[in-house]
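Just so you know, these numbers come straight off a predicted model, no measurement behind them. Residue numbering restarts at 1 for every chain, and letters A, B, ... go by the order of the sequence lines.
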Amino acid sequence: MSDVPSVPTDFIRQIINEDLKTGKFGGRVHTRFPPEPNGYLHIGHAKSICLNFGIAQQYPGGLCNLRFDDTNPSKEEVEYVDSIKEDIHWLGFDWEGREFYASDYFDQLYDWAVQMIRAGQAYVCDLSAEETREYRGTLTEPGRNSPWRDRPVEENLDLFERMRAGEFADGSRTLRAKIDMASPNLNLRDPVMYRILRATHHRTGDRWCIYPMYDFTHGQSDSIERITHSICTLEFENHRPLYDWYVEALGIYHPQQIEFARLNLTYTVMSKRMLLELVRAGHVVGWNDPRMPTISGLRRRGYTPEAIRSFCAKIGVAKQDSTIDIQLLEHCLREDLNRRATRVMAVLRPLKVVIENYPEDRVEEMDAVNNPEDPAAGTRKVPFSRELWIERDDFMENPPKKYFRLSPGSEVRLRYGYFVTCTGVVKDPKSGEVVELRCTYDPATRGGDNPPDGRKVKGTIHWVSAAHAVRAEVRLYDHLFTKEDPGDVPKGGHFTDHLNPNSLEVLTDCRLEPSLAASKLGDLLQFERQGYFCVDPDSTPDRPVFNRTVTLKDSWAKIQKKG
RNA sequence: UGGGGAAUAGUGUAACGGCAGCACGACUGACUCUGGAUCAGUUAGUCAAGGUUCAAAUCCUUGUUCCCCAGCCA
């Protein structure tokens, strides 16, 4: 992965370096990426993936497991595990067959629970969910011991066995760790280890009707897999004492949990709950809608794994809550696409141009550079003829100062074509709308070259020969939300209040240069002067559909904005 | 009002007692057959107040602000 800039030594890598020095884990480095299969991966997960797999790649002998944290069958589905695996691979990482599931450890976890009961460290509690909450106390007041806290070991053993056997109703009992109901850390107030839950698990089916909680699962799973550094996000910091407590109580290998700040992006929501809602409410077409921050959405939008990896390397890893400007992501995208995308000409909002002094039946094949950043990409032929399409925006009847494109009487370069001068404007007699431009061309400027008389022109515009044009649909995207922080809503408000009504614009009458008829899924394209585009899977042979991945930087737009 | 964390240019992130650096953004200018790219430059920062020290973003004290925790979610 030489295309990704070398990553700085963040605080996690410093810890690892230190552990390597002291021999804490015998010189091993073994991480894991532990998604819950209850949704699609998003760019925030990419940060974690790049961190965990990146560390494994960077250290000699380093390994990174993929482990699905599937302890809540009511929310988890195989569709999600499949998408997660696909997305990690697409990002460029591999778990080399170490694909594990927390559910693989259900038997071991059960045995450990029994071991804790025997040791007097766990008990079956008959409190209801509501009662449990009441007994827990509050942030400032200690909780009270459950009346079931001091049941004899034998009774606990019997009850727990019967919980497993399905003798009790969902939610009627739990297995709890006996820790400290007065702990200032609520996670240590006799946390639930097992709950009764009748739901079909995507892997274990109906074999279990009790499922372990995250806290009773994660550290032990790490321990079983001999993970050295268990990297997770900040909200689990309060859980670390419990993580440590369980592995110590069980007397098993003890990995080190380390927390870092999750990724936030401007104009984006990142919580799976909100993303799920966008999908379910139909605000987007699915998890892979090109406006979604999901990996599959970014992929369909035309993002490259290289761009995402580069982004993850640039944002750094720290413990400070932060929100990254989405422009940095777009910068990384443009940086990658600029050096890789094939340049083509495409007219999105067509305006007809007739070159009056160009012969009716003549067609010339003009040479066009495929990628000025990559000479090896070569050139292609683009047909030029008397009738062309140009961009409506590239003509103004009454242009402001500093407008370098076409206007009555002005001259521009048609890229790789000829210099043309606008000699006339045809309007719809009723609406007054400009429907056609009449121009003349200068034969001495063939290929777009400057003429021998030394005449120069400020503007160069793109064009497509009308007779040869490929028609296509083009989808233009903008931020899904109009607010930098869509989650920042006044009371009574909802994050969807800030949905951008213009996040998708569909153009159905676009005219593309003929080479685009051969474009296929995965092609990286730049429509010159407009942006980077990719082929959408909705494309059909007679109806290609393109997505705008990101615009080019547009200094003209800035000039306009300034007035 | 309990506990756990975090505070460095607009946004991120380095500096680990010794010149506050980098990236993105913004703004100039140069160049250009993409108003792209590229190049050159400008802009702007240590939460506050004390203290220790020849020297503090860094150590100490006090305060302020923000985030997380009261799921039988992860």
Side-chain angles (χ1 to χ4, degrees), chain A residues 5 8-10 14 34-36 38 69-72 74-76 125 127-129 132-134 136-143 170-176 183-189 191-197 210-211 213-215 217-218 232-241 259 261 266 272-273 314-332 334-335 338-339 343 345 368-369 372-373 402-405 413-417 419 445 447-450 456-462 526-531 551-559:
Chain A
T9 306
D10 53 72
Q14 285 182 26
E36 183 189 11
N38 68 343
D69 229 321
D70 55 350
T71 57
N72 185 356
S74 65
K75 291 184 177 171
E76 296 150 6
C125 179
L127 254 25
S128 69
T132 304
R133 193 182 327 122
E134 286 164 7
R136 185 154 35 228
T138 68
L139 293 179
T140 52
E141 303 156 17
D170 283 12
S172 62
R173 284 179 227 260
T174 55
L175 181 72
R176 295 227 255 162
S183 171
N185 182 340
L186 305 219
N187 293 125
L188 297 178
R189 318 244 261 228
V192 171
M193 295 162 60
Y194 269 91
R195 75 283 215 184
I196 303 173
L197 174 61
I210 58 171
Y211 291 93
M213 300 290 290
Y214 165 85
D215 286 308
T217 306
H218 203 90
C232 62
T233 43
L234 248 29
E235 66 270 26
F236 291 101
E237 208 156 17
N238 293 327
H239 293 246
R240 181 160 21 105
E259 311 83 13
T266 56
K272 280 202 231 176
R273 194 201 93 229
K314 280 189 170 80
I315 58 178
V317 178
K319 292 195 71 159
Q320 156 176 199
D321 289 304
S322 62
T323 302
I324 309 282
D325 191 332
I326 188 115
Q327 288 185 101
L328 178 58
L329 214 211
E330 294 176 345
H331 162 80
C332 295
R334 291 191 183 102
E335 185 178 52
N338 174 53
R339 61 173 184 251
R343 271 63 169 177
M345 293 197 284
V369 174
E373 306 294 321
K402 290 192 182 168
Y403 183 82
F404 303 147
R405 289 112 92 160
R413 170 189 290 111
L414 294 178
R415 177 144 234 227
Y416 304 126
F419 280 26
T445 57
D449 291 342
N450 287 324
K456 287 201 172 173
V457 103
K458 283 286 253 188
T460 298
I461 66 174
H462 60 276
Q526 183 195 101
F527 291 0
E528 293 221 20
R529 302 207 303 133
Q530 312 202 80
T551 61
L552 249 26
K553 282 210 278 185
D554 187 354
S555 51
W556 169 241
K558 272 182 196 169
I559 294 170

Looking at [options], which one has an atom nearest to any side-chain atom of [X]?
X	options	value
A:I315	B:U34, B:G12, B:C72	B:G12
A:K558	B:G36, B:A26, B:A23	B:A26
A:M213	B:C69, B:G71, B:G36	B:G71
A:P184	B:A74, B:C72, B:G2	B:G2
A:L186	B:G12, B:G35, B:C69	B:C69
A:Q526	B:A23, B:U34, B:A74	B:U34
A:Y214	B:A74, B:G35, B:U34	B:A74

Would you mind reading off the distance between [X] atom [atom1] and [N] atom [atom2], rounded to a whole angstrom?
X	N	atom1	atom2	value
A:E237	B:A6	CD	P	6 Å
A:L234	B:C66	CG	C1'	12 Å
A:I461	B:G35	CD1	P	10 Å
A:R133	B:C69	CZ	P	16 Å
A:N185	B:G5	CG	C1'	12 Å
A:H239	B:G5	NE2	P	14 Å
A:D325	B:A23	CG	C1'	12 Å
A:L188	B:G71	CG	P	15 Å

Using atom [atom1] of each nucleotide, how far apart are [N] and [M] to the nearest Å?
N	M	atom1	result
B:G4	B:G36	C1'	49 Å
B:U8	B:U13	P	8 Å
B:C72	B:G63	P	35 Å
B:G21	B:G41	P	15 Å
B:C67	B:G35	C1'	43 Å
B:A20	B:U46	C1'	8 Å
B:U52	B:G29	C1'	49 Å
B:G45	B:A37	P	28 Å

With a non-hydrogen cut-off below 4.0 angstrom, is [X] in contact with a base, only sugar-phosphate, or nothing?
X	result
A:P372	base
A:E36	sugar-phosphate
A:S74	nothing
A:S322	sugar-phosphate
A:Y416	base
A:A318	sugar-phosphate
A:Y403	base
A:S183	nothing
A:L552	base
A:L197	nothing
A:L127	base
A:E259	nothing
A:V457	nothing
A:R240	nothing

Compare every heavy atom of [Y] with every heavy atom of [X], then report the nearest pair and how far apart it is.
X	Y	value
A:G448	A:F419	O-CE1, 3.7 Å
A:G137	A:R189	C-NH2, 3.8 Å
A:P241	A:N238	CD-O, 3.4 Å
A:D69	A:E76	O-OE2, 3.6 Å

Taking 4.0 Å as the cut-off, does a side-chain nitrogen or oxygen of [X] come that near to OP1 or OP2 on [N]?
X	N	answer
A:H331	B:C24	yes
A:Q320	B:C66	no
A:R136	B:C69	no
A:T140	B:G3	no
A:K553	B:G25	yes
A:S555	B:G36	yes

> Does any non-hydrogen side-chain atom of A:R413 lie less than 4.5 Å from one of A:N450?
Replying inline: yes
>> Between A:K75 and A:E36 (salt bridge meaning N to carboxylate O under 4.0 Å), is one present in this structure?
In response: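 Between A:E36 and A:K75 there is no salt bridge, as every charged N stays at least 4.0 Å from the carboxylate O atoms.
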Does the structure show a Watson-Crick or G-U wobble partner for [N], both distances under 3.5 Å? Name it, or say none.
N	result
B:U32	none
B:C19	none
B:A37	none
B:G71	none
B:G45	none

> When the nearest nucleotide of RNA chain B is assigned to A:Q327 and to A:F236 on a heavy-atom basis, which residue is associated with the more 5' position?
Replying inline: A:Q327
> Mapping A:D449 and A:E335 to their closest nucleotides on RNA chain B, which lands nearer the 5' end?
Replying inline: A:E335
Do [X] side-chain and [N] base share a donor-acceptor contact under 3.5 Å?
X	N	result
A:E373	B:G36	yes
A:N238	B:G3	yes
A:R405	B:G35	yes

> Just checking, is any N or O donor in the side chain of A:S322 or A:Q320 under 3.5 Å from an acceptor N or O on the other one?
Replying inline: no
> Any donor and acceptor pair, going by atom type alone, linking the side chain of A:R334 with main-chain N or O of A:T551 inside 3.5 Å?
Replying inline: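 Yes, A:R334 side chain to A:T551 backbone: donor-acceptor pair under 3.5 Å.
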> Taking the side chain from A:T460 and the backbone from A:R415, do they hold a donor-acceptor pair closer than 3.5 Å?
Replying inline: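 No, the answer is negative, given that no donor and acceptor are paired below the 3.5 Å cut-off.
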> In terms of ring plane angle, is the pair A:Y214 and A:H239 parallel, tilted or perpendicular, where the classes change at 30° and 60°?
Replying inline: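 Perpendicular: the ring planes of A:Y214 and A:H239 meet at over 60°.
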>> Stacking between A:W556 and B:G35, defined as ring centres under 5.5 angstrom apart with planes under 30°, is that present or not?
In response: yes
> Where does B:G71 fall, syn or anti, if syn means a chi angle no more than 90° from 0?
Replying inline: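 Syn, angle within 90° of zero.
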